[in-house]
Amino acid sequence: MQSPKEIFLELLKPDGKPERQLKQYEALTMALWDPINGYLRGNRQRGCTSQDRWGTTIMWPAEAPGPMPHITQENKVCPDITRWRDFVHAPDLEANCTQGWEECRALAREKAGEDRLIAGFMGTGIFEQCHFLMGFEDTLTNLYEHPQEMHELIDYITDYRIRYVKMLIDNLHPDLIFSHDDWGTKDALFMKPEMWREFFKEPYRRFYGYIRSRGVIALHHADSYLVPIVEDMVELGIQVWQGVLPENDIPALQRQLQGRMVLMGGIGAAIDRPDATESEVRSYVSQALEAYCPGGHYIPSITYGLFGTVYPHVDPLIDDEIDRYNSTLHMPAVTCDPVPRRKLTAKQTEAAKVQEETGSDLLSALSLALCKGQRKKVLQLCQEGLDQGVEAQLLLSDGLVDGMTRLGNDFSAGRAFVPEMLMAARCMTAALELLKPRLTSGSSKVLGRVCLGTVKGDMHDIGKNLVKIMMEGCGLEVIDLGVDVSPEQFVATAVEQHCDIIACSSLLTTTMNEMRRVVQLAEEKGIRQKVKIMVGGAPITQSFCDEIGADAYTDDAGQAARVAAGLLESA
């Protein structure tokens with residue numbers, strides 16, 4: 001009988017013949033206690049705020065499952081990318097991480113025994129390190145606005161990561177390096193594939209090339225939608241992609257890859273909930289196994305970047321279903337992916353062909369310039385319009401808002417990405433400053449008022465910020481409550497600010513039930529009939545929205561803005 005280690009190694013071979021499916025991380029001993037991890041992350045404690053060795057503020061709310069960077073204008077490590085060398089200083093690993101390796105190595109070997117592989121762990125990858133230093137929005141917009149400085153910073157971080165992994169390999173003697181870097185959301189990359197290739201492909205070729213040159217297995221964690229760059233990942237030398245979300249259409253990837261990379265994941269966070277029943281978990285896992293296992297070169301696991309589910313009752317059920325699958329005879333599966341990826345309709349595809357059409361007049365040219373993030377041209381066209389006697393309100397509604405609406409549609413259809421939305425938002429802000437003196441209260445109509453925030457216990461703000469951009473672009477006034485917002489704060493703000501909509505975001509299954517409390521509290525305070533409640537975020541579904549009694553669920557920022565406008569127009 002093959003050991004877990006032997007099965008894992010068989011999976012790496014294009015023609016490998018493993019005897020059974022592995023159970024999640026059973027083939028790996030994750031060595032999380034090495035001296036470097038202790039130095040870099042040892043001061044993180046639940047319920048506390050700390051700083052990492054780069055200077056990034058790290059928050060770990062008592063209710064949250066793990067720590068998150070908390071970056072503001074006041075505390076960001078690198079406030080000016082043009083002077084990044086003045087602010088950014090990599091931790092000196094060589095001076096601070098030389099002791100304790102012998103004990104670490106012995107413990108790892110003892111835990112692994114003969115049946116498991118030793119995995120060295122490296123969190124905060126190259127892209128993540130960039131936005132830990134300057135924030136997510138600055139990172140993505142700087143790729144457009146300051147490409148040379150971004151290339152230099154990325155090279156600096158890559159050099160650090162290579163020094164890091166060299167020390168890890170030299171001293172831990174791992175069989176595998178488990179490296180983290182998320183490059184996208186659950187259904188899209190954070191940036192255009194071409195931009196990812198321009199800035200991150202060569203650095204990662206260096207990083208994974210070094211790991212492979214040392215005879216060590218290269219595993220990359222990204223619980224993201226990465227289909228557009230999966231061939232690049234193979235080319236970089238990544239042998240295992242851990243965290244593969246169902247939205248990636250795993251059976252299609254298996255047919256495409258033909259054993260050139262092992263896919264590890266497929267069991268999403270949707271079932272990792274305190275109220276998840278045994279039958280629900282078993283059904284979900286069983287469907288995933290039937291859909292993905294026959295394609296081969298697959299390890300079923302929770303998509304998180306470490307072993308174990310948040311709620312302890314879920315993990316044993318996953319393992320038990322894998323055991324059950326292994327104990328039965330299987331025929332080739334014909335079932336579909338349990339969570340099919342959103343695909344472009346024929347109408348959307350046709351619209352993409354005419355996306356780059358030249359504006360035939362000033363307003364359409366203004367709309368197009370905003371879509372392209374051309375700040376100088378947007379301001380120029382606004383000024384030309386004012387000089388020609390065009391009403392400021394018309395420039396706003398038929399030019400700027402039209403552009404944001406078009407961009408939101410493109411984002412929903414997968415033709416535009418986060419950097420383009422951020423660039424357009426900055427154009428909109430600059431243009432509004434120019435138009436503001438001409439936009440009197442009588443001529444500038446606000447469609448409605450929204451209080452927006454990420455729910456209590458959750459520090460993620462990327463999705464929330466994108467929703468804010470798109471809502472403001474559609475003419476809504478947004479009161480941004482930030483992150484870690486309690487139900488009481490949502491409802492009190494809605495009452496005090498006379499809001500028409502409460503919009504709640506969550507990325508963690510551990511926090512999504514805060515949305516239920518928002519709905520309940522709104523009812524208790526007597527505002528439920530007057531205030532619409534919208535919910536969204538990675539673990540949220542339409543069924544959850546219906547269950548808690550919210551008014552609307554959306555799965556991306558562009559759709560959120562359109563739905564919000566629709567709710568107010570129909571009110």
Side-chain angles (χ1 to χ4, degrees), residues 5 8-14 16 25 27-37 39-41 90-91 93-94 97-98 101 104-105 108-109 112 116-130 154-183 196-197 199-224 226 229-244 257 259-265 297 299 301 305-307:
K5 174 179 177 179
F8 193 100
L9 295 177
E10 279 294 310
L11 287 168
L12 297 179
K13 304 173 185 176
Y25 285 79
L28 305 179
T29 293
M30 302 292 291
L32 304 175
W33 57 85
D34 68 82
I36 298 179
N37 267 306
Y39 175 67
L40 295 178
R41 299 164 177 265
L93 303 181
E94 292 83 357
C97 305
T98 59
W101 284 105
C104 171
R105 189 166 57 247
R109 176 49 57 200
R116 306 177 76 184
L117 299 163
I118 297 174
F121 178 82
M122 296 180 66
T124 317
I126 298 170
F127 173 69
E128 290 174 346
Q129 189 62 68
C130 288
I154 289 167
D155 285 344
Y156 179 79
I157 295 170
T158 304
D159 290 342
Y160 159 79
R161 295 280 288 180
I162 291 174
R163 293 196 305 273
Y164 180 167
V165 77
K166 181 180 185 302
M167 287 186 67
L168 202 54
I169 294 172
D170 286 347
N171 294 285
L172 179 62
H173 304 165
D175 303 295
L176 176 148
I177 292 294
F178 195 114
S179 178
H180 276 223
D181 209 4
D182 284 329
W183 296 326
W196 177 87
R197 293 181 184 114
F199 287 92
F200 296 100
K201 184 172 181 177
E202 189 56 35
Y204 266 105
R205 190 195 307 274
R206 291 175 54 205
F207 177 71
Y208 283 120
Y210 177 79
I211 291 171
R212 296 291 299 276
S213 74
R214 296 291 304 272
V216 176
I217 299 166
L219 182 153
H220 184 92
H221 163 80
D223 47 355
S224 315
L226 301 181
I229 60 170
V230 71
E231 292 291 344
D232 301 272
M233 294 169 68
V234 174
E235 185 182 333
L236 296 178
I238 295 172
Q239 294 164 279
V240 184
W241 170 13
Q242 192 278 329
V244 185
L257 291 169
R260 291 176 293 148
M261 184 164 64
V262 176
L263 303 177
M264 181 176 178
H297 298 92
I299 302 173
S301 82
L306 279 174
F307 52 86

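Computation of the quantities below employed the complete heavy-atom set of this structure, encompassing side-chain atoms and omitting hydrogens, waters and symmetry-equivalent molecules. Start at 1 with the first residue, then count along the sequence.
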Listed by chain and number, what are the salt bridge (charged side-chain N to carboxylate O under 4.0 Å, His left out) partners of [X], not counting sequence neighbours?
X: Arg214; answer: Asp170
X: Asp159; answer: Arg206
X: Arg197; answer: Asp232

Residues Thr29 and Arg109: side-chain donor-acceptor under 3.5 angstrom: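 Note: Thr29 and Arg109 side chains miss the donor-acceptor criterion.
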Residue pair His220 / Tyr208, side-chain donor-acceptor N/O under 3.5 Å: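 Judged by distance alone, the side chains do pair up.
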For the residue pair [X] and [Y], what are the closest heavy atoms and their distance?
X: Pro174; Y: Val216; result: O-CG2, 3.8 Å
X: Phe178; Y: Leu176; result: N-CD2, 3.8 Å
X: Leu172; Y: Gly120; result: CD2-CA, 3.8 Å
X: Gly125; Y: Tyr204; result: CA-OH, 3.7 Å

Holding to side-chain hydrogen bond (donor to acceptor under 3.5 Å, both in side chains), I want the full list of residues that pass it with [X], two or more places apart in sequence or in another chain.
X: Glu235; result: Lys201, Arg205
X: Trp196; result: none
X: Glu128; result: none
X: Tyr39; result: Asn96

Heavy-atom check, side chain of Ile118 versus side chain of His173, under 4.5 Å: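 Not touching, per the 4.5 Å side-chain cut-off.
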4.5 Å side-chain heavy-atom contact, Tyr156 and Ile154: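 No - every pair of side-chain heavy atoms lies 4.5 Å or more apart.
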His221: ring-ring contact (aromatic ring centres under 6.0 Å, His included) partners, not counting sequence neighbours: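 ring-ring contact (aromatic ring centres under 6.0 Å, His included) list for His221, sorted by chain: His180.
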Candidate list Val262, Ile177, Leu12, Ile211, test side-chain contact (heavy atoms from CB on, under 4.5 Å), partner Ile217, passing option: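 Result for side-chain contact (heavy atoms from CB on, under 4.5 Å) with Ile217: Leu12.
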Using side chain to side chain contact (heavy atoms under 4.5 Å, CB included) as the criterion, list what pairs up with [X], not counting sequence neighbours.
X: Glu231; answer: Gln256, Arg260
X: Asn37; answer: Asp34, Arg41, Phe121, Tyr164
X: Phe307; answer: Tyr25, Met30, Leu32
X: Ala27; answer: Pro4, Phe8, Leu22

Any donor-acceptor N/O pair, Asp181 side chain to Ile126 backbone, under 3.5 Å: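 A pair under 3.5 Å: yes.
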